[in-house]
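FYI, side chains are in, hydrogens and waters are out, and symmetry mates aren't considered; it's all heavy atoms of this structure. Protein chains get the first letters and strands the later ones, always in sequence-line order, with residue 1 at the start of each. What you see is a predicted model, and the numbers here were worked out from it, not measured in a lab.
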Amino acid sequence: MSYASRRDRRGRAWNALSAFRFPLSTFVPVMFSKVSTDAEFVRGEHDVLRFWREHRIFDRLREQNREKPRWSFIDGPITANNPMGVHHAWGRTYKDAYQRYFAMTGRALRYQNGFDCQGLWVEVEVEKQLGLGTKNSIVAHGMERFVDACKQRVLTFAARQTEQSQRLGFWMDWDDPATLRKLAAGIGTSEPVTITTPTGKTATARADELVARLGNPEWGGSYFTFSTENNETIWTFLKKCHQRGKIYRGHDVMPWSGRGGSAYSQMEVAEGRKLTTHKSVFVRFPLKGRDNEFLLVWTTTPWTLTSNVAAAVNPLLEYVRLRAKRDGAVYYFAKENLEFQRLAKEFKEGFGRPEWDWPKGVGKLKSIAQIFKEQGGFDVEGTLNGAQMLGWEYSGPFDDLAAQEAPGGVPANLALVAQTGVSCHRVVDGGRDHEGTPLVLAGEGTGIVHIAPGCGDVDHVLGKTLGLVAIAPLGEDGRFVEGFGPFVGKEAVDRQTAELVFEELRKKNLLVAVEEYPHIYPHCWRTGDELVFRLVDEWFINMDWRDEIKEVVREIEWLPASIDGQTREIEWLSNMRDWMISKKRFWGLALPIWVDEDESVRWDDPAKFEVIGSLAELKERAVSGWDEFAGHTPHRPWIDKVKIRSPRTGNLMTRIPDVGNPWLDAGIVPFSTMQYNTNRDQWRKWYPADLVTECFPGQFRNWFYSLLSLGTMMMWDEQDPPEPGKRRPFKTLLGHRLVMNEDGKPMHKSDGTAIWFEEAAEQLGVDTMRWMYLAHNPAVDLRFGRREKDKPVTLQTPEGPITETVEGFPTCLVTSKPADEIRRQVLIPLWNTYAFFVNYARLDEFDPQSQPVPVVERPEIDRWILSNLQGLIEVANTELQAFNAPGFLREAARFIDDLSNWYVRRNRRRFWRSRDADDRDKLAAYQTLYTVLVTLTKLLAPAIPFITERMYQNLCAPTALSPPLSMTALSPPLRKGGQGGAGEPVSTPESQRHATPPNPPFLRGGNAGAQGGNGELSVHLCEFPVVDPALRDPQLSERMALAQLVVNLGHGLREEAKLRVRQPLPELRFACANSQSHAAIEKLADVIQEELNVKKITGRDNLDDLVHYNFKPNLKTLGPKFGKGLSAIGKALSTIDENTLAPLRRGESVTLSLDGTEYQLAPDDVLISTQQAADWVAADDQGVQIALSTVLTPELLREGMARDFVRQVQQLRKAADLEIQNRIRVFLATDHAEVMAAIAEWDAYIRSETLADTITGVATAPPEVKPALIGETPIPIWIEKA
RNA sequence: GGGCCUGUAGCUCAACGGUGAGAGCCGGCUCCUUAUAAGGGCCAGACGACGGUUCAACUCCGUCCAGGCCAACCA
């Protein structure tokens, strides 16, 4: 057939496609759209997004599965406080891929995304936004306006993250981002807003009221942790805690942020530990009644000296009495500390983390002896036990401060009004902690611990047991309160404050030494400010029921197994302290704790406070303020108005001003979002979740912890029988590590190395990223790539080009080696296989609906790839069900490689064959490749939803409404289809969009052949493939593997012998250890022959005449048999005569007699390998030996030259950019006799291979022609288009 | 000081009580290709150190060294 006629056909194809816009059920032309080999991944993704939107594919999917069995997933809420970076996309890819997989297996899902909305992190950003620095300025600004601004920020970023997630292909029941922005704008106004919810309902109300109800089951959409339902369900939880007596108020010293004006929980403190240096000080306390004698005391927090109350020693420790020569003063301190090398190990090795090396510029610490030596020397006058010092009284360093004289301390403790700070100054026993370790140890300090019960945790505990007063010097702002003389108003963390302390001490002649002291110190996890320890009233959950939680932990499967998350969670549960749930801030859960205002009701009276369990309960109990509150969300400041009355005292009760720990917000989600309080039956259907997945470092003490503890408590009084496994909030947890830069270092927003989501998406492509995330081992950090912050780029987004993010950050170049690799090794070969198929299928007018050639009648290689496809289907299902995406994708990549580099390469010629030749064989090839490609799109759809959709659309479902997405890659003449033509994706007008019937009948007629799609509109509406046992043939797969092995061996031999593959060789001989292998190779001899370019393949029983043998002991079998005799056997085998051992090769045993011992060697006991003989090169692997003849006859050499010549001409065709059907004329300039003979002999072959009309010898070549190698000879060759 | 994990090729990672310890990336050489800005082949190691158990140890045990993680941290 002529190529010209194909062009005609292409023209007809175009017409058919145009006609296709009118659904005609009788005439369904079947035609694939031409596919460019440039896949244009990113642009294709944009097309697919539009296609999904316009055809509401996701809605159809949900509709399709609505009544199916459930698969329950709970989304861990993402903090809606900033745009997403690439680190968020990893977990979100898991979420989407597994949801898509289970949807394709016919499961009903909830698809509810979550936004984390409340908490200090939002407050911090809003403070920055509004330029507010302190809590006072927030109050001045107006708490109401501030809280509104927090809501607005959350809504704004929820909208932003929604858009970014959609770009990732994350299918969730999203709210319309425009609606969220509209709501954000309406917050704080009284104007009614009308919105359309994701379920299509309309609602009109004030924005606040709408926002409070977001995510409810009737409306659909993401859940927001600030919703009333979420907050109220936490009230349910806290009420249950209270019913079990677990809620208490602690009057304790806690880490406190002066700037944040709040105490920090244990989780928060853990996030913010940093290495820092402080001026530590040695100070002396004058002993009363002992002239010129002092306690030597050391502290790293000089400001706490103002509030010193006592000095603690260890009674069992030995102390020295040291006289300083300078002034004759006597000092007491622990003997061991005199020469103690302080922080010696840390000086050498750092503080236990790479970033915690000894700070530069800080010298090695001096020992106390050194300090006294430098000050004029000393004498040790004796030793005594700590016990002997107990009761000694001393003068404190700041006894002149009013606070030190305040009765009962500061604030006054009514039980201790007889005491003051000063009156408590004496040496006390430090005692032991709950583990029995003495509080006071020798070592870093002096063995005498300055005790300030208002400034330190352990100090406070000790003070309580000893009945000491506490002096709390700091207000909420972290500054000194009244009563502290020169310190009033000074900030504790201010370095100047320490200097002032030193100055005062110097004046009083109490300062011994000051030094720079490095240590790990708690900092604010957000701002980096140092925390101080402050006496506070905070609310706690007593966690003495931790063992109940541990039981639940053991009911859960923790993945990846190598991390052993279960143990880590249990460890945390064992070590954690009571949960501080209060925070003295503004934006967050309103803790439902109401307190009796009457101060005379003591805190140890159980009626002092009440926990309210719901708004309804509150309304019933409210005696005032409800009207003011009504219509607002249960947040500050509105909720604070509501008062209740104490049933016992009749007093008014007021809500504590504190807000809640935000992990409560996230932990309640399995209850609040699944209607625990509103529709218990519905909740039972979805609880527990099948899967939860999040980034794990940190979450063991955060989200996982809160889910588990809230879940355990919530289930405590459930009336259902407590069947095992029913308490757990989720069945399986899949954790993953962190996203890092190319060097494995963390990426930071602050230094411009963090990659914004859209930068990666629009440069690398989302399918590529998804594959990268899914294929990566979740137990290991992902080295994503690099952001070149000095190389700005313009991104082509679905909305048009941008040069900066919405927030105004410039968009920069992102490079990623792993992404490049995935594109090169997986996605491009997949696409090219698809393009190969489509482009030939078009020219050949392959009809997917044609009567299938029975599989048994198809060639072996077709059955092979179909069999391997079944293997992949099986792996896909097992691994995805086990949440092991890497296991699946590894096999998928292998399969794609087999498909592309073996199946297609081997079968190219079957597709080119002209029409009238063996049509049946060609049809089999098309049908086979078509089935494989369609199945593959379905298998990979959950992982790479975009490229698979494009392929599927063209392969299976071209419709009038969905012009094939590959249209964008059409060749120019087709694309000129123009406005409304098939070349331009049809944008359905808004009005029509919702009118689209769920499954247009004409869809059934697409390219949905028996071997193809099921006629679904989208690949994501298809059923996930299941194994067809009839197509499985494991032996065939093995056979082919053997052939591939022989080919590999042969290529290796050619390489070794320096014989290029185009040079035909006369013969390949092989021999196998077993007859099955022999038969297998014989069956596939033609494949091997062609691949290795040999004239003949001969199977032999052995290759004895061509090779020598090496014999080695099989240690695995011989070891157990002969043990110590092994070395003798090994030696013998390497030296003994080949003929003696020959029977082994025939499968017979041989008996060796060595040093008087008989060893019977079975064939399995000896490993045999080959060495080659002359004129042959030989190799062996896995029991197969092959030998390749290297004898080259003149005939063979000529044939090799002919093939070189063809190859060179093809190269020229390619360089000239010719179409595959163009004919040419070939010229060459040579007088080389052998070459000319070869060309003459192979003239017909050369011309048919290269579509050459003529081959002409010319005397001289044009000067620009570069000679090409034919055989060994360089010869100028050039071509002309005919 | 505690608990856990890891030390293998220039880099990132495998495997296994037993035959020449495998991949991928990078680099060099080379081959193949009218689907492939693809692909194939070849080229690299005292398996952290030292002891022990064993016929046999990279693998099991012990000690040490180095790195990481978790928890804690001291006035």
- Return no unless some side-chain N or O of Gln1063(A) is found under 4.0 Å from OP1 or OP2 of rC31(B). no
Side-chain contact check for Asn575(A): nearest option of rA71(B), rA75(B), rC31(B) is rA71(B)
Rounded to whole Å, the CD1-P distance (Ile1088(A) to rC32(B)) equals 19 Å
Which of rG3(B), rA35(B), rG24(B) is nearest the side chain of Glu571(A)? It is rG3(B)
Under a 3.5 Å limit on both distances, the Watson-Crick or wobble mate of rA21(B) is none
Gap in Å between the two C1' atoms, one belonging to rU8(B) and one to rG22(B), rounded: 11 Å
>> Quick check: do Cys455(A) and Thr301(A) have side-chain heavy atoms less than 4.5 Å from each other?
In response: no
> C1' atom, rU54(B) versus rU59(B): distance in rounded Å?
Replying inline: 13 Å
Integer angstrom distance from the P of rA14(B) to that of rG2(B): 27 Å
Phosphate OP1/OP2 of rU33(B) contacted by Arg1203(A) side-chain N/O (<4.0 Å): yes
Rounded to the nearest 0.5 angstrom, the CD1-CG distance for Ile828(A) and Asp38(A) is 8.5 Å
ask   = Within the modelled atom types, does a donor on one side and an acceptor on the other bring the side chain of Ser900(A) and the base of rA35(B) under 3.5 Å apart?
value = yes
**Prompt:** How far does the C1' atom of rA44(B) sit from the matching atom of rG28(B), given to the nearest Å?
**Reply:** 12 Å
Between CH2 of Trp902(A) and P of rG39(B) the distance, given in whole Å, is 17 Å
* To do: Could you tell me whether Gly1119(A) contacts a base, only the sugar-phosphate backbone, or nothing, with contacts defined as non-hydrogen atoms closer than 4.0 Å?
  => base
> Hey, is Arg823(A) close enough to Asp820(A) for a salt bridge, meaning N to O under 4.0 Å?
Replying inline: yes
Pi-cation contact, Trp558(A) with Arg568(A) (under 6.0 Å, within 45°): no
Closest of rU36(B), rG24(B), rA72(B) to the Arg273(A) side chain is rA72(B)
When rounded to whole Å, the CD1 to C1' distance for the pair Ile451(A) and rC74(B) reads 11 Å
Q. Closer than 4.0 Å, any side-chain N/O of Arg1062(A) to the OP1 or OP2 of rC32(B)?
A. yes
Do the side chain of Arg905(A) and the base of rU33(B) come within less than 3.5 angstrom through a donor-acceptor pair of N or O atoms? no
Here the distance between atom P of rG22(B) and atom CZ of Arg890(A), to the nearest Å, is 19 Å
Assert: residue with more 5' nearest nucleotide on RNA chain B, out of Ile448(A) and Asn777(A), is Asn777(A)
Winner on side-chain proximity to Arg824(A), out of rC70(B), rA38(B), rA75(B), is rA38(B)
On RNA chain B, more 5' by nearest nucleotide between Arg783(A) and Gln1210(A) is Arg783(A)
Pairing partner of rC16(B), by Watson-Crick or G-U wobble and under 3.5 Å for both distances, is none
note: Trp572(A), atom CH2; rA71(B), atom P; distance rounded to Å ~ 7 Å
Checklist entry - So what does Glu1249(A) hit on the nucleic acid, given a heavy-atom distance under 4.0 Å: a base, only sugar-phosphate, or nothing? => result base
Arg1054(A) atom CZ is separated from rC31(B) atom C1', nearest whole Å, by 10 Å
- prompt: Is Leu439(A) touching bases, backbone alone, or none of the nucleic acid, heavy atoms closer than 4.0 Å?
  reply: base
Q.
Please give the distance between the C1' atoms of rC16(B) and rA72(B) as a whole number of Å.
A. 38 Å
Mind checking Arg701(A) for me? I need base, sugar-phosphate or nothing, with any heavy atom below 4.0 Å counting as a touch. sugar-phosphate
Rounded to whole Å, CG of Leu317(A) lies from C1' of rC74(B) at a distance of 14 Å
Ranking rA35(B), rU33(B), rA75(B) by distance to the side chain of Val904(A), first place goes to rA35(B)
Do Asp1165(A) and Thr1117(A) pair up side chain to side chain, a donor and an acceptor below 3.5 Å, judged on atom types alone? yes
Problem set entry | Between Phe696(A) and Phe704(A), ring centroids under 6.0 Å | no
### Query
In terms of the angle between their ring planes, are His519(A) and Tyr517(A) parallel, tilted or perpendicular, with boundaries placed at 30° and 60°?
perpendicular
Distance, C1' atom - from rC32(B) to rG7(B), rounded to whole angstrom = 41 Å
May I ask you to verify if any side-chain N or O of Asn832(A) is less than 4.0 angstrom from the OP1 or OP2 atom of rA37(B)?
yes
Legend entry - Presence of Thr833(A) side-chain N/O under 4.0 Å of rA35(B) phosphate oxygens OP1/OP2: no
Pairing partner of rC58(B), by Watson-Crick or G-U wobble and under 3.5 Å for both distances, is none
Inset, instruction - Check whether any side-chain nitrogen or oxygen of Arg577(A) sits under 4.0 Å from OP1 or OP2 of rA72(B), and answer yes or no. - result: no
On a whole-Å scale, what distance lies between the C1' atoms belonging to rA57(B) and rU53(B)? 10 Å
Quick note, Gln825(A) side chain, CB onward, closest among rG24(B), rG18(B), rA35(B) is rG24(B)
Answer for the Watson-Crick or wobble partner of rC73(B), both distances under 3.5 Å, is none
Partner of rA37(B) under the Watson-Crick or G-U wobble criteria, both distances under 3.5 Å, comes out as none
Notebook entry, point to check: Parallel, tilted or perpendicular: which describes the rings of Phe41(A) and Trp831(A), with under 30° parallel and over 60° perpendicular?
Noted result: perpendicular
inquiry  = Tell me if the aromatic rings of Tyr840(A) and Phe911(A) count as close, with their centers under 6.0 Å from one another.
reply    = no
Answer for the Watson-Crick or wobble partner of rC4(B), both distances under 3.5 Å, is rG68(B)
Quiz item: Salt bridge between Arg906(A) and Glu1090(A), side-chain N to carboxylate O under 4.0 Å?
Solution: yes
Under 4.0 angstrom, heavy atoms only, what part of the nucleic acid is Leu441(A) near: base, sugar-phosphate, or nothing?
base
* Asked: OP1 or OP2 of rA72(B) sitting under 4.0 Å from any side-chain N/O of Gln266(A)?
  -> yes
Phosphate OP1/OP2 of rA35(B): any Tyr834(A) side-chain N/O under 4.0 Å:
no
Exercise for review: Could you tell me whether Thr301(A) contacts a base, only the sugar-phosphate backbone, or nothing, with contacts defined as non-hydrogen atoms closer than 4.0 Å?
Suggested key: sugar-phosphate
### Message
Please confirm whether the shortest side-chain N or O distance from Arg1213(A) to OP1 or OP2 of rU34(B) is below 4.0 Å.
### Response
no
*Are OP1 or OP2 of rC74(B) and a side-chain N or O of His450(A) less than 4.0 angstrom apart?*
no
pair_partner(rU53(B)), Watson-Crick or wobble, both distances < 3.5 Å, evaluates to none
Per the glycosidic torsion and the 90° limit around 0, nucleotide rA38(B) is anti
In whole Å, what separates the P atom of rC31(B) from that of rG17(B)? 42 Å
Rounded to whole Å, the CG-P distance (Asp820(A) to rA38(B)) equals 10 Å
